[in-house]
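What follows is a single structure, written as structure tokens, with notes after it.
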Amino acid sequence: MTRELKEVQGIIFKRQKYKEADLLAKIITKEDGIITLVVRGALRPKSQLNAATLNFSYGRYVIYTNGRGLSNLRTYKEVKQYDGLYNDLTKNAYASFILDLIDHAFVEYQPLGKYYELAKFALERINENTDPEMITQIVQMQMLKAYGVEPELRHCLICGKETGIFDYSIKLGGVICSDHFATENSRLHLKPKETAILRTIGLLPFERLGSIKLSSDTKKATRKAIDRIYRGTIDLNLKTKKFLDELKLFNPSNN
């Protein structure tokens, strides 16, 4: 494929030094997916490209690309930044994990569709001081489909019942009703409210979920359940997740 100039709209989320004065910056976009950009001269003093490619910067970027491999950043337009994410360690940690989770679900240049909007929703809400733990749990449940392990949350996997008391079974890949609690030994033994939360945040459109408020105990229980679901279904070992967990242990107020 021939290389061409192309304008993309997206969010910068990961940077690393590339050559003496250059860096690599990852950008998440809706139509063009995740792209790794070579930013020439970004590490030179007073480089405007450096400022425009800080983590959690968003706007329009003009790139030179052939739709695979590394692309080159040429210039940018109307770039802003989620300052709350960049300047707050806790918000930064949650946002970095969310974007890392999306990054690992797709190959580069694979269109993200609704998952780009999910990322944008999450960053905007966390930047605006919505509970980052709750936003992250929403993203985790909604991302299971992108990893190819979408759970059945609408009805009991065994009998199809849609109402009643439910629990979650990692082995079966979704919820089961109380009629089968005695015979299904792989269930998580969640409280009915906790299972209801998992069903809600996994099924409803994410833009309707930003105002959910839970008690600290319920959030801890659903977080542990989601972590167990991920461990039991997806082989992931993200440094951003490890850092986020360590941050919670270091500062219990972040739980």
Starting from the C-alpha separation in whole Å, work towards a yes-or-no answer on side chain to side chain contact (heavy atoms under 4.5 Å, CB included) for Gln140 and Leu101. CA-CA 8 Å; Gln140 287 178 283; Leu101 191 65; 4.0 Å; yes

Cation-pi check for Phe181 against Arg187: NZ or CZ below 6.0 Å from the six-membered ring centre and within 45 degrees of the axis, yes or no? yes

CG/Leu112 to CD1/Ile34 distance, rounded to the nearest 0.5 angstrom? 5.0 Å

With salt bridge (charged side-chain N to carboxylate O under 4.0 Å, His left out) as the test, would you mind laying out the steps for Asp32 and Lys6 before giving the verdict? CA-CA 10 Å; Asp32 298 280; Lys6 185 172 188 177; 2.4 Å; yes

Trace of the side chain to side chain contact (heavy atoms under 4.5 Å, CB included) decision for Cys156 with Phe166: CA-CA 8 Å; Cys156 174; Phe166 292 87; 4.1 Å; yes

Side chains of Glu31 and Thr29, donor plus acceptor under 3.5 Å: no

Kindly compute the distance separating CD1 (Ile176) from CD (Glu152), expressed to the nearest 0.5 Å. 13.0 Å

Would you please say whether a donor-acceptor pair under 3.5 Å links the side chains of Thr222 and Glu194? no

How far apart are the closest heavy atoms of Arg199 and Val175, and which atoms are they? CG-CG1, 4.0 Å

What is the distance from atom OG1 of Thr65 to atom CG of Asn72, rounded to the nearest 0.5 Å? 8.5 Å

Should we count CG of Leu70 as having more than 12 external heavy atoms under 6.0 Å? yes

Testing the basics here: between Ile226 and Leu198, what is the closest heavy-atom pair and its distance to 0.1 Å? CG1-CD2, 3.7 Å

Any chance you could measure Ile11, atom CD1, to Gln81, atom CD, to the nearest 0.5 Å? 12.0 Å

Glu108: partners by side-chain hydrogen bond (donor to acceptor under 3.5 Å, both in side chains), with sequence neighbours left out: Thr36

Side-chain heavy atoms of Asp88 within contact of Asp83, under 4.5 Å: no

Roughly how far, to the nearest 0.5 Å, is the CD1 atom of Ile229 from the OG1 atom of Thr233? 7.0 Å

With heavy-atom distances below 4.5 Å as the criterion, would you say the side chains of Leu190 and Asp167 are in contact? yes

Salt-bridge test for Lys26 and Asp103: reply yes if a basic N is under 4.0 Å from a carboxylate O, no otherwise. yes

Within 6.0 Å of CG in Asp235, more than 12 heavy atoms from elsewhere: no

Please say whether more than 12 non-hydrogen atoms of neighbouring residues, nucleotides or ligands are located less than 6.0 Å from CZ in Arg60. yes

Rounding to 0.5 Å, atoms SG (Cys177) and NZ (Lys161) come to a distance of 4.5 Å

Please determine whether the number of non-hydrogen atoms from other residues, nucleotides or ligands lying under 6.0 Å from atom CD of Gln48 exceeds 12. no

For Thr240 and Asp100, the nearest pair of non-hydrogen atoms, with its separation, is OG1-OD2, 2.8 Å

For Arg44 and Asn50, does a side-chain donor sit closer than 3.5 Å to a side-chain acceptor? no

For Glu128, does the CD atom sit with more than 12 other heavy atoms under 6.0 Å from it, leaving out its own atoms? yes

Please tell me whether Tyr115 and Tyr109 are part of a single hydrophobic cluster in this structure, the criterion being side-chain heavy atoms less than 4.5 Å apart. no

Closest non-hydrogen contact found for Arg40 with Tyr18 is NH1-CE2, 4.2 Å

Of all heavy-atom pairs linking Gly84 and Asn127, the shortest is N-OD1, 2.8 Å

Closer than 4.0 angstrom, basic N to acidic O: yes or no for Arg125 and Asp131? no

Whether Lys17 and Asp22 form a salt bridge (side-chain N of Lys/Arg under 4.0 Å from carboxylate O of Asp/Glu) is what I want to check. no

Hey, are Arg223 and Asp227 close enough for a salt bridge, meaning a charged N less than 4.0 Å from a carboxylate O? no

Ala52 and Ser57: which non-hydrogen atoms are nearest, and at how many Å? O-CB, 3.6 Å

So, are Lys77 and Glu7 salt-bridged, with charged N and O less than 4.0 Å apart? yes

Could you check whether Asn185 and Lys171, counting side-chain N and O atoms only, form a donor-acceptor pair closer than 3.5 Å? no

Inspect the contact between Glu133 and Lys219 and indicate whether a charged nitrogen and a carboxylate oxygen are less than 4.0 angstrom apart. no

Applying salt bridge (charged side-chain N to carboxylate O under 4.0 Å, His left out) to Lys30 and Glu117, what does each step give before you reach the verdict? CA-CA 8 Å; Lys30 184 175 183 178; Glu117 301 299 335; 3.4 Å; yes

Taking the side chain as every heavy atom from C-beta outward, state whether Leu43 and Glu20 have any pair of such atoms under 4.5 Å apart. no

Going by heavy atoms in the side chains, are Tyr116 and Ile28 under 4.5 Å from each other? yes

Do you know which of Tyr94, Tyr58, Phe56 makes ring-ring contact (aromatic ring centres under 6.0 Å, His included) with Tyr82? Tyr58

